[in-house]
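As a basis for the values below, the full set of heavy atoms in this structure was taken, side chains included, without hydrogen atoms, waters or symmetry mates. Note that the structure is predicted; figures quoted are calculated from it, not measured. Proteins get letters first, then strands, A, B, ... in listed order; numbering begins at 1 in each.
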There are 2 protein chains.
Amino acid sequence: MSNNQFKRGELYSVINGMASTAVARRLQKNFRLAGLEITIEQWSVLYHLWKQDALSQQELCNRTFRDKPSITRLIDNLEKQKLVKRMPSKEDRRINLVCLTETAKLLQDKTIELANQTMDEALVGVNKNEIEIVKLVFQKVYDNLL
Amino acid sequence: MSNNQFKRGELYSVINGMASTAVARRLQKNFRLAGLEITIEQWSVLYHLWKQDALSQQELCNRTFRDKPSITRLIDNLEKQKLVKRMPSKEDRRINLVCLTETAKLLQDKTIELANQTMDEALVGVNKNEIEIVKLVFQKVYDNLL
DNA sequence: TTGAAATAGTTGCATAACTAACTATATGTC
DNA sequence: GACATATAGTTAGTTATGCAACTATTTCAA
């Protein structure tokens, strides 16, 4: 096996193991320090609902890049914590519309502020151009594997 | 809240939700299609052992960016599948050296070839310079949050 | 040399991931 | 209209993650 093969493998290792989990862990920690009892996975669902409320579970799958069982259980837990509510769609009885509660709406500003602080910590020494390239590369990777 | 805050949050969402899981899922699928029964997490441990055998669990934590309980259980599962073996260190009786079995050594070439194919699929249209920037950014992010 | 602090590893608990198999509703074709 | 197919969501089973609390061993310092 050539040394080059190992080098390419290393990028996977970098992408999968390092920054995403480091950022996620730090954000989770910052939530906890602020007395917020939500997980980053729950937050990522709320984040999309803050942008547009009353999405179907399938739509949340698409936007958060998770599969259906994962969303089912995330919504289960969010419902237990009274942060969202499943509302049956009137047009299509297969569909649950996931709606924010008032409690969840109040969390928006604080958690997004914490996420921004966390990203600022994470991105010290990284310039705008580099960030754009990372986003571009990730978009390409996602499109390639879709 | 300013629109700019949402934009910064979006990068987190991109980093955490998109490429890493898309790549991981595709690699897992490719393992399965090839009849390999290992998970990508197990593979990431084996990957470091192929580079250097007989590492302590703590050293595997550092290299795979996982915490100690995660490594304990990954090693448990790898041991069940007879891919590694815990060997007590003679210098320090607290330490387990994790050693590859012959079976695991045979998996190296095939799985790394699959990982390379997967990365090639994922990185269509991404040039070397962009890859270098992604690696650099992730290294900076990791160092910032350490 | 003995007792405190650090380090290596494990276990219990809660959340989350993926696959496969399932139910219920909607759509489309003969 | 009836039946095959597609779509939305749930459930079960296995693996993995993080944190906190635990044991065992080593190191360091009074």
Nucleotide [N], atom [atom2] - distance to [atom1] of [X] in whole Å:
X: A:R66; N: C:dA17; atom1: CZ; atom2: C1'; result: 9 Å
X: B:R86; N: D:dA24; atom1: CZ; atom2: C1'; result: 15 Å
X: A:R94; N: D:dT5; atom1: CZ; atom2: P; result: 17 Å
X: B:I40; N: C:dA16; atom1: CD1; atom2: P; result: 18 Å
X: A:F31; N: C:dT15; atom1: CZ; atom2: C1'; result: 15 Å
X: B:L27; N: C:dC18; atom1: CG; atom2: C1'; result: 14 Å
X: A:D76; N: C:dA16; atom1: CG; atom2: P; result: 10 Å
X: A:W43; N: C:dA16; atom1: CH2; atom2: P; result: 15 Å

Enter the distance from [X]:[atom1] to [Y]:[atom2] here, rounded to the nearest 0.5 Å.
X: A:T39; Y: A:L78; atom1: OG1; atom2: CG; result: 7.0 Å
X: B:S70; Y: B:Q57; atom1: OG; atom2: CD; result: 11.5 Å
X: A:Q108; Y: A:L100; atom1: CD; atom2: CG; result: 8.5 Å

Are OP1 or OP2 of [N] and a side-chain N or O of [X] less than 4.0 angstrom apart?
X: A:N96; N: D:dT10; answer: yes
X: A:Q28; N: D:dT17; answer: no
X: A:S70; N: C:dA17; answer: yes
X: B:Q42; N: D:dA16; answer: yes
X: B:T72; N: C:dT11; answer: no

Could you check which of [options] has an atom nearest any side-chain atom of [X]?
X: A:D67; options: C:dT19, C:dT10, D:dT10; result: C:dT19
X: B:D92; options: D:dT26, C:dC18, C:dG9; result: D:dT26
X: A:Q58; options: D:dA24, C:dT10, D:dG9; result: D:dG9
X: A:E41; options: D:dA16, C:dA16, C:dT25; result: C:dA16
X: A:R25; options: C:dT19, C:dA16, D:dG18; result: D:dG18
X: B:K68; options: D:dT17, C:dA8, C:dC18; result: C:dA8

(Q) Looking at B:R93 and D:dT25, is any side-chain donor or acceptor paired with a base atom of the opposite kind under 3.5 Å? (A) no
Q) On a plain distance test, is the side chain of A:R73 in donor-acceptor contact with the base of D:dA12 below 3.5 Å? A) yes
Q | Residue whose nearest DNA chain D nucleotide is more 5′ - A:P69 or A:K29 | A | A:P69
**Q.** Along DNA chain D (nearest heavy atom to each residue), the more 5'-positioned of A:E59 and B:E91
**A.** A:E59
Q. For B:I71 and A:K80, take the nucleotide of DNA chain C holding the closest heavy atom to each; which residue's nucleotide lies nearer the 5' end?
A. B:I71
Q: Report which part of the nucleic acid B:T39 touches: base, sugar-phosphate, or nothing (heavy-atom distance under 4.0 Å, all strands).
A: sugar-phosphate
Q: May I ask you to say whether A:K140 pairs ionically with B:E130, meaning some side-chain N is under 4.0 Å from a carboxylate O?
A: yes
Q) Under 4.0 Å between a Lys/Arg side-chain N and an Asp/Glu carboxylate O for A:D76 and A:R86? A) yes
Q | Check: B:Q28 side chain, B:I38 main-chain N or O, donor-acceptor pair, under 3.5 Å | A | yes
